[in-house]
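To start, the structure under review is shown below, and the notes come after it.
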Amino acid sequence: MVRAYDVIVIGGGHAGTEAAWAAARLGCSVLLVTMRAEAIGRMSCNPAIGGLGKGQMVREIDALGGLMGLAIDAGGIQFRMLNRGKGPAVWAPRAQADRVLYARAVQELLATLPGLDVVEGIVERLIVREEHGTKEPSAAAFSPHGDAAPSAIRHPHSALTGVRLQDGREFACRSAVVTTGTFLKGLMHCGERRTAGGRIGEQAAVTLSDELARLGFTLGRLKTGTPPRVHRDSVDYSRTTPQPGDDPPVPFSYLSPPITRPQVPCWITHTNERTHEAIRANLHRAPMYSGQIRSRGPRYCPSIEDKVVRFADKTAHQVFLEPEGYDSAWIYCNGISTSLPADVQDALVHSIVGLERARIVQYGYAVEYDWVPTDQITATLETKRVAGLFLAGQINGTSGYEEAAGQGLLAGLNAAARVLGRDAIVLGRDQAYIGVMIDDLVTRPPDEPYRMFTSRAEYRLHLRSDNADERLTPLGRRVGLVDETRWAGFERKQAAIAALTARLHERHLDGRPLIEWLRRPGATLTDLGGHRPEVIPPDTPPEVLQAVEIRAKYAGYLEREQRQVERYRQMEARAIPDSFDYHAVPELRIEAREKFARFRPRSIGQAGRISGISPADLATLYLYVARR
């Protein structure tokens, strides 16, 4: 007898665990299929969470009710807020992780879900049912602003009904989320040596690529890499620069208590001309330059080979020595990702100050893997070709744990929503970095691994790391992912912010409201408390003080950006029917007709963000949609 689940999640990495978490928390029965249960939540590459743009996404995942923030707070060994010297729009939390503690935290969180089962295996076949004809959407996607938004789903001619594993087991489902990471026909490279696998010591998922191709999906090939690890007892730390964590550490999750366990330092060193010469002399043995690897790697996280070639004028590159855990003997050499042969890695590592006698415990390698170009998915992360099939993570061309987790959460929510007959969820570019990322993917499919940066967001003053709960927790509550504990804490914080803001408006200093006094350059609530201690209650949480101060100091900038947001929302509200026939608009250029038909934009705003679309194309489309 075939066992049936509401949602099946394929893959136990950062995207898969968030998808399973979200779908199960919404009340669906969920099956998580993974090669090895013990590897669920494992960090494949760097032992860290967060960073510029990425830390904001982790806060958003947490605000919606996801698990990554909780997991890194339980497994972090060093916490830092990056860009403190700049404005709050680009403050970004980052944490070094203990690999073992982080994976354990993820697994323990998943174990609390009664509707989640885990099986070990490899999916060999996606079982679909052919459907004839098209139909109108049963439920429109909704905007988290509360207004109805046009459906992002183009109804295909087939629907997913289950999966079959390599060992013959079959499971039925109504939705599935594929989160295969770097395992989809993964091939690892270390010099001339090539090994099938998506991660060192783990096999590749080969048959699923063929299955996606059989269903009509176009596949591509991308590449990523990882640096060597060295034994911690073989590093000369006296010749490096220590990098401590913040005191006190700031948690990622709005639910986490203060972090009191000890933090560990990282260390900084640099490559030098000896390093670069060793690399240049062996480029012919580097898979990226010998022709062994033909796929594109991440431009913004290049290998040390790429750095030496592309930035030939630079005499040094930073290397961060990052511990992989409290009890781990491994140090991750962040900054020298490489696929050079082992003997060359020995030479380049030993040329670096502090690593002259370092003992390499794992050599760096590159991994190539299949992905699905993202003109084949919608803004809900459902595929256009097979109804009920969702994709999340590196299969969509992204790189990074945080990007994968954000997609996994949204894919899990929408997979569950489809089963439960609820409205799908589409985040706007004005609401979340997650929304920016997904909109980028579906309007401008990447030709290299996509990585999030603050510069990708037009409205980053609104998308700060400190206000993710204000932006997204009400939505998480509305869809059922935010529980009573989180919601009660959110309401207390918002009430405290409102009360303190009201005091600053009502009370005066030197003849003007305190809120205006606070807007002076250099003025802080701490200073104000020295002048008027009765205004600020002594038990006010730091996050409340921070929120009030940011709102006061940046009020003018926030109002100006809000006007831009309103114009964006007006364009997003101009819905394009899913059945709109672009080829019937003779005034459109042939290229514009083809691109609109390929991407099926859900709104005039999204249509304008498709690469290659001119203002004239957009104006023509607007007129035809308005006339209809």
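Being a predicted model, the structure only gives us computed values, none of them experimental.
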Within 6.0 Å of CZ in R84, more than 12 heavy atoms from elsewhere: yes
More than 12 heavy atoms from other groups under 6.0 Å of OH on Y557: no
Side chains of S238 and D236: any donor to acceptor distance under 3.5 Å? yes
State whether the side chain of N334 and the backbone N or O of F320 hold a donor-acceptor pair below 3.5 Å, judged by distance alone. no
Side-chain heavy atoms of L500 within contact of L545, under 4.5 Å: yes
Any side-chain heavy-atom pair from V230 and V235 closer than 4.5 angstrom? yes
Main-chain N/O of G393 paired with T398 side-chain donor or acceptor, under 3.5 Å: yes
Does the side chain of V100 come within less than 4.5 Å of Y326's, by heavy atoms? no
Heavy-atom side-chain contact between R503 and L514 under 4.5 Å: no
Within the side chain of K553, is there an N or O that forms a donor-acceptor pair under 3.5 Å with the backbone of R520? yes
So does D327 have more than 12 non-hydrogen atoms from other groups sitting under 6.0 Å from CG? no
With the threshold set at 4.0 Å, does a side-chain nitrogen-carboxylate oxygen contact exist between R609 and E572? yes
Check D466 against Y254 and note the closest heavy-atom contact, atom names and distance. O-OH, 3.5 Å
Looking at R25 and L481, would you say the former's side chain and the latter's main chain have a donor-acceptor pair under 3.5 Å? yes
Is E60 paired with K54 through a side-chain N to carboxylate O contact shorter than 4.0 Å? no
What are the two closest heavy atoms between Q78 and P244, and how far apart are they? NE2-C, 3.7 Å
Is R42 salt-bridged to E202, cutoff N-O under 4.0 Å? yes
Does R444 make a cation-pi contact with Y450 (under 6.0 Å, within 45 degrees of the axis)? no
On a heavy-atom basis, the closest approach of V177 and A415 is CG2-CB, 3.9 Å
Do the side chains of Y332 and R99 get nearer than 4.5 Å, heavy atoms only? yes
Only one of L32, V9, V30, L110 passes side chain to side chain contact (heavy atoms under 4.5 Å, CB included) with W21; say which it is. L110
Would you kindly say whether D73 and S256 are connected by a side-chain donor-acceptor distance under 3.5 Å? yes
Ion pair check, R477 and E484, cut-off under 4.0 Å: yes
Report yes or no: does E403 contribute a side-chain atom to a donor-acceptor pair with the main-chain N or O of M452 at less than 3.5 Å? yes
Under a 4.0 Å threshold between the charged nitrogen and the carboxylate oxygen, would E566 count as salt-bridged to R569? yes
Backbone N/O of L391 and side chain of N396: donor-acceptor pair under 3.5 Å: yes
Considering all heavy atoms, the nearest T338-P228 contact: CG2-CD, 4.0 Å
side-chain hydrogen bond (donor to acceptor under 3.5 Å, both in side chains), that's the test. Do N414 and E382 meet it? Break it down for me. CA-CA 8 Å; N414 283 325; E382 186 175 20; over 6 Å; no
Could you check if a side-chain atom of P248 sits within less than 4.5 angstrom of a side-chain atom of I259, using non-hydrogen atoms only? no
Quick one: does S44's side chain have a donor or acceptor within less than 3.5 Å of a partner on R199's backbone? no
Between Q243 (side chain only) and P265 (backbone N and O only), is there a donor and an acceptor less than 3.5 Å apart? no
All heavy atoms of S337 vs all of G225, minimum pair found to be OG-C, 3.3 Å
Please check: side-chain N/O of S328 versus main-chain N/O of E324, any donor-acceptor pairing under 3.5 Å? no
side-chain hydrogen bond (donor to acceptor under 3.5 Å, both in side chains) against E108, all qualifying residues, sequence neighbours excluded: none
Is it true that the side chains of E322 and Q96 contain a donor and an acceptor less than 3.5 Å apart? yes
Under 4.5 Å between any side-chain heavy atoms of T180 and Q394, yes or no? no
Going through the distances and angles, do R429 and E458 end up as a salt bridge (Lys or Arg N to Asp or Glu O under 4.0 Å)? CA-CA 8 Å; R429 299 182 70 91; E458 306 93 317; 2.9 Å; yes
With a 4.0 Å cut-off, would you call D62 and R486 a salt bridge? yes
Donor-acceptor contact below 3.5 Å, side chain Q107 vs main chain E38: yes
Could you give me the CA-CA distance, side-chain angles and deciding distance for L255 and L70, then say whether side-chain contact (heavy atoms from CB on, under 4.5 Å) is met? CA-CA 8 Å; L255 289 182; L70 293 167; 4.1 Å; yes
Pair E470 + R551, salt bridge at N-O below 4.0 Å: yes
Does the side chain of L410 reach to within under 4.5 Å of the side chain of Q407, using non-hydrogen atoms? no
Under a 4.0 Å N-O cut-off, is there an ion pair linking E516 with R519? no
Do T454 and R460 get their side chains close enough for a donor-acceptor pair, meaning under 3.5 Å? no
